[in-house]
Chemist: 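Here it is, the structure, as structure tokens.
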Amino acid sequence: MLALNSNKEESCLSRNQLVLYRKSSPHKPSSYLITKLRSYEKLHKRCGPHTKSYNRSIKQLVSGQIDNSTDCRYVVWVAFCGLGNRILSITSAFLYALLTNRVLLINQEQDMGGLFCEPFPDTSWILPEDFLFKSEINSFEQNYNYSYGYMLKSNIINYSTELLPSYMFLYLSHDYDHHDKLFFCDKDQALLSKVPWLIMKSNVYFLPSLFLISSFEQELSKLFPDKETVFHHLGRYLFQPSNLVWRLITQYYQDYLAKAEKRIGIQIRVFDAETSPFEYVMDQILACTQTEKLLPEVDTEKTIAAQSENQTSKAVLITSLFPGYFEKLKNIFSDELVTSAWSTFGYVAQGLGGMRPWILYKINQTKPDPLCGRGMSMEPCYYAPPVYGCKAKTTVHTATLVPHSTTAANTIILAMGSVFLSWNCFGLRERGNVYSRKTFSRVGAGLIVFSVVLVFIYQNSITRFISSYIDMGEESCISRNESVLYRKSSSPYKPSSYLLSKLSTYEKLHEKCGPNTDSYKRSIKQLKSGRIDDNSTDCRYVVWVAEFGLGNRMLSITSVFLYALLTNRVLLINQEHDMSNLFCEPFPNTSWILPHDFPFKSKFKKFKQKNHYSYSTELLPSYLFLYLAHEYDHDDKLFFCDQDQALLTKVPWLIIKSSMYFLPSLFLISSFEQELSKLFPDKETVFHHLGRYLFLPSDRVWRLITHYYDDCLAKAEKIIGIQVRIFEDKPTPFEYVMDQILSCTQKEKLLPEVDTEKPIGSSSPSKNQTDKAVLITSLSPDYYKKMTKMYGQHPTKTGEVVGVYQPSHAGKQRSNINSHNIQAWVEIYLLSLCDELVTSARSTFGYVAQGLRGMRPLILYKTDDTKPDPPCGRGISMEPCYHAHPIYNCKAKTTVDTATLVPYVRQCEDISWGIKLFNTS
Ligand code: GDP
């Protein structure tokens, strides 16, 4: 097995568990490949992000000049096109890195976050956010100044140039030109080897052409004696599903595919429904699967009940963008089918699966003959290879140069044997040796039905996931419309009309001043100048910077948003990778995400209370940092004084680092009082309204939520959410908390007791039984285990049937990992769909759930060494608690009991030293 890594940060479940799901590969990697990978891992660890060598290399990059400061060299891969293309081109870039002793770094944009585990131990392959070109790297194009092809074409460099720059850009995409393709010549490789930083934009599996570069030949033959398994080995090594993806895969597999004796995957990719009509493709699939004996014919004379008993069960997994194929096959095979969605990438699946697929030949108006055929190599196809003989300087038929590459038309593929027939692997036709983007899409779309029959299960779950990525471009925000279907009743709490009109004014302001508008650009200029210029723009901003877990973050965003509303500022979120893909954009026609090229972005992490500008100076700067997190000090807290607010109004950019729900203290600032009383006549629903307005699950999160809800919770008549949060600093013993939960839920009649005298099934459930689902969320699996055992072994005294569910148990809080935040958000939202809520005291995770739900929860009081009596109590307000509020009277300049100043701000039920908003009417 190649994947021996252990990565400390992310546990990467799939690394260990994959063997349970996959039939082991008959294709063994060469021992030379394994050694090579081990030494690559060492190199990556030594030169990877934020090592000393990396920092020196970055200096070199910035200087633009090559020096001998470090022996680390890099390939930075930049994404282009869909996921299948990306996986294949990353693999090509990785092999290139292996062959040239470079370190591969991936420019991972939001849309690629949370897909894979880190492949190399104790380091990262993600290009750091503060990389020099990070904000512009995606816009590098073929004719970029430092593009290798462009520099050759424009005679900026030639083969004898001595003074080479410290970085070059390589354009290796389907529409590259002759000069770009010179990359594949030995002479050019010799030149490129001197350049420490190569930035590569690629969307093709260019790996086969590396086998045609003679300087790599010897090494490659030692690495891959078997040419057909290059992607199989490298792909399996590089792409381990992240925990989140892994959960989707295994959940789906267990639900639908595990029971079958044989699983048949059918990947249907129709590029043009006009030239490949549905009936043709459908006939082709049926004819192919039946002739090849993958699927049985049906006996149309009989009904389903008459099937023989010793039947072999087969599961058919269909992946297609069109549901029609599934519907049709489902009608034929009844229950045996599994549905799933959309686009898929057969090459990756066949390579990871390690098998030669059945290929449904493309239909172009007429049906092909034969309809399908077995692939001759499991390798992916390189569909736009160079056709240039570097030595002879003429066009050559690349596929005839070595025995292990073969072709149809202009495509090449690596294969085992010497000569064999091949198939049109991607339907592209050469057009005067030019592959313009237009040609690519037109010809591609016009010609192809590229479909693969796979006996392999991996693909579908990936595509479920990919589908959410495909949506990303124009995020539709399904949850905006669908959430009403899942919330049992609409909120009984209506926002004031003043709040509604304030929000709509805010939206207009945000649209006017939001990222990349003229006003924004002018404001950025002002920010950079450091000086306030009253004539430049009337837009003012508050930038939110994250700290702590998701609950804390959502509460502090809400606080900053209310502050923005009150001060006519625009809220921008500094969204690091760990927060990406969680929420829809809340404001129409604009974005609340702080752009990547924001001037101080790289400094945010290091920013602590002591190194911000003091705002007592007369000559105010154009920006100020405000530190409103747990360990803030007296000076920071002056933010909550009227006179400080008057001063802050003048500063166009405020950058707030916050981890708290400081919103209740805004209600104690007298200059905001009047406005707040108009906005929120009902003080208990501030977070309920603002939270529901701001936080809509992204499409990807929404699918996870609804999938789980539909599968596990939808059937129950009543859903009881129990949120168990054990804080690591002073953990309460398991037995104490378990007893507390049981006595609370039984005392409050949320859950029935069990009859321990009787085993399950000995008494028939009463006729009018109520099915209850318990949704447990916790980092630990123990509470779930205990409850499942309890309700699984004995009947309940009331005859009710209780199902217990827990979506995940991550073990540890890991708020800097995107997939953990996604999972946390899924669970917070699921809790907010429950009929009853039991939450843990002091947890912001629970606060968010109760606020979104719009319910005062039963709070499990914090236990230390004694069991609390009563074990839980009903909250008196559904508002979140502000844990570390200021206790300073700004006017009197003395300490004051903040919880006594106004009737609607009082001490929290779960923390004596916290305050929150209460309804007074
Ligand atoms: P708090 O610390 O309880 O106030 O809540 P936060 O949300 O601020 O931080 C806790 C973090 O730990 C969450 O954001 C999650 O990343 C993780 N976590 C804690 N409890 C759970 C849980 O029940 N389910 C999941 N998925 N994650 C949890």
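Ligands are counted one by one from 1 in listed order, and the atoms in each one are counted from 1 as well.
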Chemist: For Thr777, counting its heavy atoms only, list the atoms of ligand 1 lying under 4.0 Å from any of them.
Modeler: 23 (O)

Chemist: In ligand 1, which numbered atoms sit nearer than 4.0 Å to a non-hydrogen atom of Thr844?
Modeler: 1 (P), 3 (O), 4 (O), 5 (O), 6 (P), 8 (O)

Chemist: Can you tell me if Ser580 uses its side chain to pair, donor with acceptor, with the backbone of His577 under 3.5 Å?
Modeler: yes

Chemist: Consider every N or O of Phe548 and every N or O of ligand 1, then say whether any pair is closer than 3.5 Å.
Modeler: no

Chemist: Does any donor atom in the side chain of Thr839 or Arg725 lie under 3.5 Å from an acceptor atom in the other side chain?
Modeler: no

Chemist: Asn574 and Glu576: side-chain donor and acceptor closer than 3.5 Å?
Modeler: yes

Chemist: Between Glu909 and Arg874, does any side-chain N to carboxylate O distance fall below 4.0 Å?
Modeler: no

Chemist: I'd like to check which ligand 1 atoms, numbered from 1 as shown, lie under 4.0 Å from a non-hydrogen atom of Phe727.
Modeler: 2 (O), 3 (O)

Chemist: In terms of side-chain heavy atoms, does Asn816 have a donor or acceptor partner in Asp578 at a distance below 3.5 Å?
Modeler: no

Chemist: Going by heavy atoms, is Ser808 under 4.0 Å from ligand 1?
Modeler: yes

Chemist: Counting only heavy atoms, tell me which of Asn552, Thr839, Ile817 gets closest to atom 8 (O) of ligand 1.
Modeler: Asn552

Chemist: Within the structure, does Gln723 bring an N/O atom to less than 3.5 angstrom of an N/O atom in ligand 1?
Modeler: no

Chemist: Do Lys637's NZ or CZ and the ring of Tyr632 fall within the cation-pi criteria of under 6.0 Å and 45°?
Modeler: yes

Chemist: Looking only at the side chains, is there a donor atom on one of Ser778 and His809 sitting less than 3.5 Å from an acceptor on the other?
Modeler: no

Chemist: Should Arg725 be counted as touching ligand 1, given the test is an N or O pair under 3.5 Å?
Modeler: yes

Chemist: Any idea which protein heavy atom is nearest atom 28 (C) of ligand 1, and the distance to it?
Modeler: Leu779 CD2, 3.5 Å

Chemist: Quick test: of every protein heavy atom, which one is nearest to atom 12 (O) of ligand 1, and how far off is it to 0.1 Å?
Modeler: Gln813 CG, 3.2 Å

Chemist: Tell me the protein heavy atom at minimum distance from atom 7 (O) of ligand 1, and give that distance in Å.
Modeler: Gly551 N, 2.6 Å

Chemist: Under 3.5 Å, is there a donor-acceptor pair linking the side chains of Glu118 and Ser124?
Modeler: yes

Chemist: Would you say Glu827 and ligand 1 have an N/O pair spaced under 3.5 Å apart?
Modeler: yes

Chemist: Does any N or O of ligand 1 fall below 3.5 Å from an N or O anywhere on Ser778, backbone included?
Modeler: yes

Chemist: Would you say ligand 1 has an N or O under 3.5 Å from any N or O of His820?
Modeler: no

Chemist: Considering only protein heavy atoms, which is closest to atom 9 (O) of ligand 1, and at what distance to one decimal place?
Modeler: Gly549 CA, 3.4 Å

Chemist: Give the residue, atom name and distance (to 0.1 Å) of the protein heavy atom nearest atom 15 (C) of ligand 1.
Modeler: Ala824 CB, 3.7 Å

Chemist: What protein heavy atom is closest to atom 13 (C) of ligand 1, reported as residue, atom name and distance in Å?
Modeler: Phe845 CD1, 3.9 Å

Chemist: For a quick check under 3.5 Å, do Asn552 and Tyr847 share a side-chain donor-acceptor pair by atom type?
Modeler: no

Chemist: May I ask you to check whether Leu550 has an N/O atom sitting below 3.5 Å from an N/O atom of ligand 1?
Modeler: yes

Chemist: Could you tell me whether a side-chain N or O of Asp771 sits under 3.5 Å from a main-chain N or O of Glu717, the two making a donor and an acceptor?
Modeler: no

Chemist: Of the options Trp592, Phe587, Phe695, which is the one that meets Phe561 in a ring pair (Phe, Tyr, Trp, His ring centres under 6.0 Å)?
Modeler: Phe587

